[in-house]
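In what follows, a structure is listed as structure tokens, so that the remarks can point back to it.
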Amino acid sequence: MRREPRIGALAVCALVLLISHSARLHADNSRSSPADAVGTRLFADSRDPPSYAPLAEEDKTRFDLGHAVFNTHWVPAGTPRAQRRDGLGPLFNADSCDACHNEGARGRGPQGDGPAPPDLVIKLESAPRVEDEDAGGDPVYGRVLNTQVLVGLRAEATITIRYEAFSGRYPDGQAFTLHKPHYEIADLHFGPLGAHTIIEPRIAPAVFGAGLLDAVPQSAITSSGATGAVAWRTVNGERRVGRFGWQATAVSLRDQVTQAFSREMGITSADRPHDDCTPRERQCLAAPNGGDPEVSTELLDAVLAFQQFLAVPESPRRAAGEGAQLFRALGCDTCHTPQLPVELADASGQMHSASIEPYTDLRLHDLGEGLADRDVSGAPVQSRWRTAPLWGMGYRLGRESVPRFLHDGRARTLEEAILWHQGEAAAINERFVALPVQARQALTDWVGTR
Amino acid sequence: MRFSRELLSTIGLLLLVAHGVARADDACAGFAWDVAHERSVFATAPSAQQAGHDVDSAPLVTTDRLYDLALSPQEQVTLAASPGKKALTDGAYAGLVRIKVASAGTYRVSLSRPFWVDVVKGGALIASTNFTGRPGCDAPHKLVQYPLPAGELLLQVSGATDDRVKIAVTAARATTAH
């Protein structure tokens, strides 16, 4: 189906000419000098990811232990000799952090039609969504649909994904195809999901640079001039800014990590002393535990230290400056904010100001009905998404032969990901589709080197 | 973006649901790679072997055969190299086997369980180039791809959560996603 151009051809030509000229005058000046921004490091060995800065000996010890905990396969409570690593389940999605966030990276996601992979979880939320409030999970199945289970129990459900392909055309006649996922939730152990439950497919996000995002001052996210909305959350009576997760539902790295331990691995912590078992799930509630809590405070602190200090992988590739100019000219940088300030402690504990280049504003944006979550009836639910950080993209694309993008992995290329942007990004989408093919390629090439 | 699709979409979805019911029964369907050869090897009767507790006691295995390895408590095993992935090993099992690779090329190590595996040559790890797996499938569960030189190498399983694992080494075929 042919798209109707919304921007005059002359205006687009002028934009492209201006950008081309500008790009010749300035080489790729979009990357700040290392002295300006912190956080990225060359990942020479993906199995030994570095910290973003030199660490004091005590922090280095915790970082290394945390890396080991991150990789550890947890085992059921009572497993002989298991000591520090028992307590998995009884319901879970994966048995290690690394199973979904391989070496700190984002999950690979679905590679095509078939069973949902472990790194794509179905979160469940009670409707209606209420700003600033935790509405809770499904009344029967809880916060996450757990597809793995210990021997002797039944998994909550099976999840199969089928993609529906849509074709479209750019104004220049070039064709594109998008893939819309359909989730078939079957074998529900305790009957149907709640009538008002929202189904939220989510790929495990990368954890690179998580500690740096945690170090962004709240004031930098709440500044009044920015677009979108602040993800205000009330936690223990305190109003805080959400900044982790696809919808910024977690207010801190610790909040995010303990949620994942509890809901996706069935491992309790001091912060979250219960698994994701509902009153209906009696066997889950009665299952033996692997200690109280199951992940000790020492190991939790270590895995937090690993993610707090973990660097962002530097891109091994560079792209021409034209893409950077287009990124700004189209307005992508309105939400994918190149730089944010951070307040960091150095190895001696002294606080200092610096900046990072995550390409996110850590704010929420409505990207339209096409990307919105759906309730059990299939009706779309208004969904606002935290701007996904683009840092680490170059490293990702160098490693992954079949990359997947967006919160559910539906996009198979950066171009497809951009085409799915509607809602608040509709005008930017229109400008993108009106570009000549070479300019579209220059933009995606450049984004692919962040 | 507008697509006129409602009727076709509904029909398509119904067909997909019907198709999905059939496929969901096979936990080993849907690998991202073509694993037909590995699946056929895993369909054969395995040869039981006690994995070595050090390099000298590591038994020799061959390509294109399925082995059912008995592992030992990891604290009783002297590994040939530090595992490529750091992890807590409380209660873990480990073991070693030797394999002779006739010609250099890309090979896959397939395991029935999601255990960590390294290939070691001269005390150094050979870096893997890719991996895939299928939850709920144990024939195989996980495949790791390596560029292997010709000659004798060591396979080292570590951090295992159980004392048995089936394993096979095969020459790689296509890894294209479906």
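By convention in this document, chain letters (A, B, ...) are assigned in the order of the sequence lines, proteins followed by strands, and residues within each chain are numbered from 1.
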Residue part contacting chain B, namely of A:L299, when any heavy atom lies under 4.5 Å: side chain

Can you say whether A:Q148 sits under 4.5 Å from chain B via the side chain, the backbone, both, or neither, judging by heavy atoms? side chain

To the nearest 0.5 Å, atom NE2 of A:H73 lies from atom CG of B:D162 at 13.0 Å

Do any N or O atoms from the side chain of A:N71 and from the backbone of B:A87 form a donor-acceptor pair under 3.5 angstrom? no

Are there over 12 heavy-atom neighbours, none belonging to B:K166, within less than 6.0 Å of that residue's NZ? no

Straight-line distance of B:F131 CZ to A:R108 CZ, nearest 0.5 Å: 3.5 Å

Salt-bridge criterion met for A:D48 and B:K85 (N-O under 4.0 Å): no

Checking the side chain of A:T72 only, and the main-chain atoms of B:L88 only, is there a donor and an acceptor separated by less than 3.5 Å? yes

Which of these passes side chain to side chain donor-acceptor pair (under 3.5 Å) with B:D90: A:R84, A:R81, A:R85? A:R84

Report which part of A:D45 has an atom under 4.5 Å of a heavy atom belonging to chain B: side chain, backbone, both, or neither. neither

Considering residues, nucleotides and ligands other than A:E400, do more than 12 of their heavy atoms fall under 6.0 Å from its CD? yes

If one checks every heavy atom of A:A116 against chain B at 4.5 Å, the contacting part turns out to be backbone

Let me know if B:A92 has heavy atoms under 4.5 Å from chain A in its side chain, its backbone, both or neither. both

Does some side-chain heavy atom of A:S401 sit less than 4.5 Å from a side-chain heavy atom of B:N130? yes

Pair B:L125-A:R47, side-chain contact (heavy atoms from CB on, under 4.5 Å): steps then yes or no: CA-CA 12 Å; B:L125 302 182; A:R47 291 180 192 169; 4.1 Å; yes

With sequence neighbours excluded, what pairs up with B:T78 under the side-chain contact (heavy atoms from CB on, under 4.5 Å) test? B:D54

Region of A:D86 in contact with chain B, defined by heavy-atom distances below 4.5 Å: neither

Between chain B and each of A:G370, A:A94, A:P110, A:A82, count heavy-atom pairs under 4.5 Å; write down the option with the most. A:A82

Under the 3.5 angstrom rule, does the side chain of B:R134 hit a backbone N or O of A:P115 as a donor-acceptor pair? yes

Per-residue contact mode, A:R399 against chain B (heavy atom under 4.5 angstrom): neither

